[in-house]
Student: 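Take this structure, written in structure tokens, and hold onto it; I'll ask about it next.
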Number of protein chains: 2
Amino acid sequence: MSDKTDRRQARTKQLLYQALISLLTEKGAESITVTDIAMRADINRGTFYLHYKDVPDMLEQIKDEIFGKLQSLILEFDPQEVAQFAFEDEPYPKLVRLFEEVERNADFYKVIFGPHGDISYAQRLRTFLYSHIFNKVSYSQPREEDMLIPRDYLIAYISSANIGIIMHWIESGFNKTPYEMGLIMTQMVNHGPLIASGIREKPHNKR
Amino acid sequence: MSDKTDRRQARTKQLLYQALISLLTEKGAESITVTDIAMRADINRGTFYLHYKDVPDMLEQIKDEIFGKLQSLILEFDPQEVAQFAFEDEPYPKLVRLFEEVERNADFYKVIFGPHGDISYAQRLRTFLYSHIFNKVSYSQPREEDMLIPRDYLIAYISSANIGIIMHWIESGFNKTPYEMGLIMTQMVNHGPLIASGIREKPHNKR
DNA sequence: GTTATTAATCAACAACTTGTTTATTAAAAT
DNA sequence: ATTTTAATAAACAAGTTGTTGATTAATAAC
């Protein structure tokens with residue numbers, strides 16, 4: 001937006017960000033007051049209004065910024081590429097980059113998906129993933145009559161499932177590397193839960 | 001809890017409930033004031049405090065009540081039974097009952113999963129489903145080394161996926177009957193997304 | 001039906017948050 | 001060294017909160 005050259009501005013903005021994240025671990029966004037943030041950041045209350053209109057505005061700006069990065073990564077995903085890497089038992093590199101991006105903003109994701117988190121962020125991610133998958137699946141499997149269930153419900157299933165994997169990783173405290181997570185998701189996307197669980201057999205493999 | 005024989009109390013409580021649901025379509029729970037609810041319900045503000053401690057308390061009581069019903073239905077699910085019905089191309093009756101219960105509280109679910117919804121309710125459902133599936137899967141597929149991915153990530157995938165189906169139904173405005181939804185979920189649970197999508201072939205079938 | 005109970009109302013309270021404004025201080029850019 | 005401007009401090013009316021005491025009226029119990 002505007003110039004961020006001034007060190008004072010950058011410092012204040014960072015203090016406000018940290019204060020908001022910290023408060024979000026304790027209570028919901030909508031019950032966080034400007035006074036709360038100013039006190040925790042040790043910043044004059046009036047200073048807050050020099051940067052943001054109000055608390056919802058602050059949260060929205062932060063969410064937009066971080067969501068944008070995820071969005072551009074997801075746009076590059078290609079199911080056919082995933083299949084190639086799954087065949088080699090290797091993680092799809094673009095998926096690894098996704099998990100790296102999430103890890104980079106670990107603090108944010110922990111609170112936004114946490115107990116006092118923001119349902120609209122998860123919803124936005126789900127909707128975006130849904131529309132992306134929709135385009136890809138419609139292309140590779142266009143005949144609705146060959147499907148056992150309606151296409152939209154299949155896509156809702158897949159998008160929620162993959163977001164569930166990400167959420168589980170976050171809730172576990174990032175107990176795997178982005179590389180490991182990339183491999184897990186690559187296999188799930190390609191084989192589905194039944195083969196991945198070992199209930200059904202894997203068709204063919206190199207090693 | 002206490003006696004609810006007095007018609008005045010029941011009436012007031014219902015008016016408060018309707019007002020809260022109505023307000024939740026417009027803004028988040030934590031920014032809803034007692035004044036808001038009282039005004040919309042056309043009830044004296046002091047009367048609210050005769051029923052609830054504050055707004056979070058009211059929401060918590062409502063959530064507990066409705067979640068309890070879902071919980072008891074989920075506890076009865078048995079994967080083996082699901083397989084039998086899936087084989088016959090029929091919906092698992094206990095799943096149909098689940099969707100009927102959700103439909104019964106349609107107003108609630110629409111707002112709780114909506115844009116101004118409550119992340120903790122979805123989280124609670126997800127966690128409960130997770131632990132239920134965990135017990136069942138550990139029993140039928142106990143060897144972790146036979147699995148392509150860690151068991152906990154498999155279960156996170158499955159539980160989120162199924163909640164995604166429910167959410168999609170709600171967001172679609174309940175465009176299918178509980179029977180149809182039961183059939184969709186029965187097939188997804190039993191066949192997984194790859195077979196359901198028609199990418200992989202279904203093994204055997206009666207008709 | 002009459003009476004006793006109690007739910008709901010109304011009005012007023014101090015304490016707190018909000019968004020805004022004014023004048024002042026001090027850090028950064030030039 | 002000087003100018004610019006970010007941050008501070010103090011004060012404002014308006015709105016919300018949780019509580020209280022007195023009053024009204026619907027309901028339950030007899």
Side-chain angles (χ1 to χ4, degrees), chain A residues 1-65 111 116-118 120, chain B residues 1-65 111 116-118 120:
Chain A
M1 286 287 177
S2 54
D3 313 338
K4 277 200 283 184
T5 44
D6 198 313
R7 272 184 248 154
R8 290 172 297 180
Q9 280 192 68
R11 192 187 109 90
T12 299
K13 215 154 190 176
Q14 201 201 332
L15 287 173
L16 290 174
Y17 176 80
Q18 289 169 347
L20 178 63
I21 295 291
S22 162
L23 284 163
L24 278 172
T25 65
E26 298 166 18
K27 51 180 172 177
E30 288 174 298
S31 64
I32 293 175
T33 67
V34 175
T35 309
D36 285 337
I37 298 176
M39 275 179 59
R40 182 146 317 187
D42 203 12
I43 288 287
N44 185 278
R45 189 169 65 86
T47 305
F48 176 94
Y49 293 102
L50 262 37
H51 291 267
Y52 302 105
K53 188 177 150 286
D54 50 25
V55 182
D57 174 56
M58 177 179 180
L59 194 63
E60 195 187 325
Q61 284 193 31
I62 293 171
K63 286 194 296 181
D64 282 354
E65 193 185 332
V111 301
H116 305 291
D118 185 330
S120 76
Chain B
M1 288 282 180
S2 54
D3 313 337
K4 275 202 283 185
T5 46
D6 198 314
R7 270 184 248 158
R8 289 171 298 180
Q9 282 192 64
R11 192 187 107 92
T12 299
K13 214 153 192 176
Q14 202 203 330
L15 287 172
L16 290 175
Y17 175 81
Q18 289 170 346
L20 178 63
I21 295 291
S22 162
L23 284 163
L24 278 173
T25 65
E26 298 166 16
K27 51 180 171 178
E30 288 173 298
S31 63
I32 293 176
T33 68
V34 174
T35 308
D36 284 338
I37 298 177
M39 274 178 59
R40 182 146 317 188
D42 203 12
I43 288 288
N44 186 278
R45 189 169 64 87
T47 304
F48 176 93
Y49 293 102
L50 263 37
H51 292 266
Y52 302 104
K53 189 177 151 288
D54 50 25
V55 181
D57 174 56
M58 177 179 179
L59 194 63
E60 195 188 325
Q61 285 192 32
I62 292 171
K63 286 194 297 182
D64 282 353
E65 194 184 332
V111 300
H116 305 290
D118 186 331
S120 75

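Just so we're clear, the structure is a prediction, and the values are computed from it rather than from any experiment. So you know, we letter chains A, B, ... as the sequences are listed, proteins then strands, and number each from 1.
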Student: If you compare all heavy atoms of A/D36 against all heavy atoms of A/K27, which two are closest, and at what distance to 0.1 Å?
Tutor: OD2-NZ, 2.8 Å

Student: Applying salt bridge (Lys or Arg N to Asp or Glu O under 4.0 Å), name anything that partners B/K53, two or more places apart in sequence or on another chain.
Tutor: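 Scan of B/K53 (salt bridge (Lys or Arg N to Asp or Glu O under 4.0 Å), adjacent residues dropped) gives none.
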
Student: What residues, two or more places apart in sequence or in another chain, satisfy side chain to side chain contact (heavy atoms under 4.5 Å, CB included) together with B/V111?
Tutor: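 B/I21, B/L24, B/T25.
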
Student: For B/E60, give me all partners under side chain to side chain contact (heavy atoms under 4.5 Å, CB included), at least two apart in sequence or on another chain.
Tutor: B/D64

Student: Quick one: closest heavy-atom pair of B/F48 and B/M58, and the distance?
Tutor: CE1-SD, 3.6 Å

Student: Going 5' to 3' along nucleotides 20-27 of chain D, which nucleotides have protein heavy atoms under 4.0 Å from the base (write B), which only from the sugar-phosphate (write S), and which from neither (write -)?
Tutor: ------BS

Student: Given atom OH of B/Y52 and atom P of D/dT17, what is their separation to the nearest angstrom?
Tutor: 17 Å

Student: Please list, by residue number, the residues of residues 18-28 of chain A whose heavy atoms come closer than 4.0 Å to an atom of DNA chain D; answer none if no residue qualifies.
Tutor: none

Student: Could I get the full list of salt bridge (Lys or Arg N to Asp or Glu O under 4.0 Å) partners for B/R8, not counting sequence neighbours?
Tutor: B/D6

Student: With sequence neighbours excluded, tell me which residues meet side chain to side chain contact (heavy atoms under 4.5 Å, CB included) with B/T47.
Tutor: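 Only B/T12, B/I43, B/N44, B/H51 meet the side chain to side chain contact (heavy atoms under 4.5 Å, CB included) criterion with B/T47.
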
Student: Looking at B/K63 and B/S120, what are the two nearest heavy atoms and their distance?
Tutor: NZ-OG, 3.0 Å

Student: Of all nucleotides in DNA chain C that come within under 4.0 Å of a heavy atom of chain A, which is furthest toward the 5' end and which toward the 3' end?
Tutor: C/dT17 to C/dA29

Student: Round to the nearest Å and state the distance from B/M58 atom CE to D/dT17 atom P.
Tutor: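 Value for this atom pair: 14 Å.
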
Student: What heavy-atom pair brings A/E30 and B/A29 nearest, and what distance separates the two atoms?
Tutor: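 Residues A/E30 and B/A29, closest heavy atoms: OE1-N, 3.9 Å.
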
Student: Can you list the steps and then say if A/V55 with A/V34 is a side-chain contact (heavy atoms from CB on, under 4.5 Å)?
Tutor: CA-CA 6 Å; A/V55 182; A/V34 175; 3.8 Å; yes

Student: Run the side chain to side chain donor-acceptor pair (under 3.5 Å) test against A/S22 and tell me which residues pass, sequence neighbours left out.
Tutor: A/R40

Student: Could you check which residues of residues 29-43 of chain B get a heavy atom under 4.0 Å from DNA chain D? Sort them by number, please.
Tutor: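 By residue number: B/T33, B/V34, B/T35.
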
Student: Round to the nearest Å and state the distance from B/F48 atom CZ to D/dG18 atom P.
Tutor: 8 Å

Student: Sort by first number and list every stem of DNA chain C: at least 3 consecutive Watson-Crick or G-U wobble pairs, both distances under 3.5 Å.
Tutor: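 Output for stems: C:1-12 with D:19-30, C:14-18 with D:13-17, C:20-30 with D:1-11.
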
Student: To the closest 0.5 Å, what do you measure between CD1 (B/I37) and CD (B/Q18)?
Tutor: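 Interatomic distance, B/I37 CD1 to B/Q18 CD, rounded to 0.5 Å: 13.0 Å.
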
Student: Calculate the interatomic distance between B/R45 atom CZ and D/dG15 atom P; express it in whole Å.
Tutor: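 Checked: the CZ to P distance equals 14 Å.
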
Student: Distance check, rounded to the nearest 0.5 Å: A/D57 atom CG versus A/I62 atom CD1?
Tutor: 9.5 Å

Student: Can you name the side chain to side chain contact (heavy atoms under 4.5 Å, CB included) partners of A/R11, sequence neighbours left out?
Tutor: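 Only A/L15 meet the side chain to side chain contact (heavy atoms under 4.5 Å, CB included) criterion with A/R11.
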
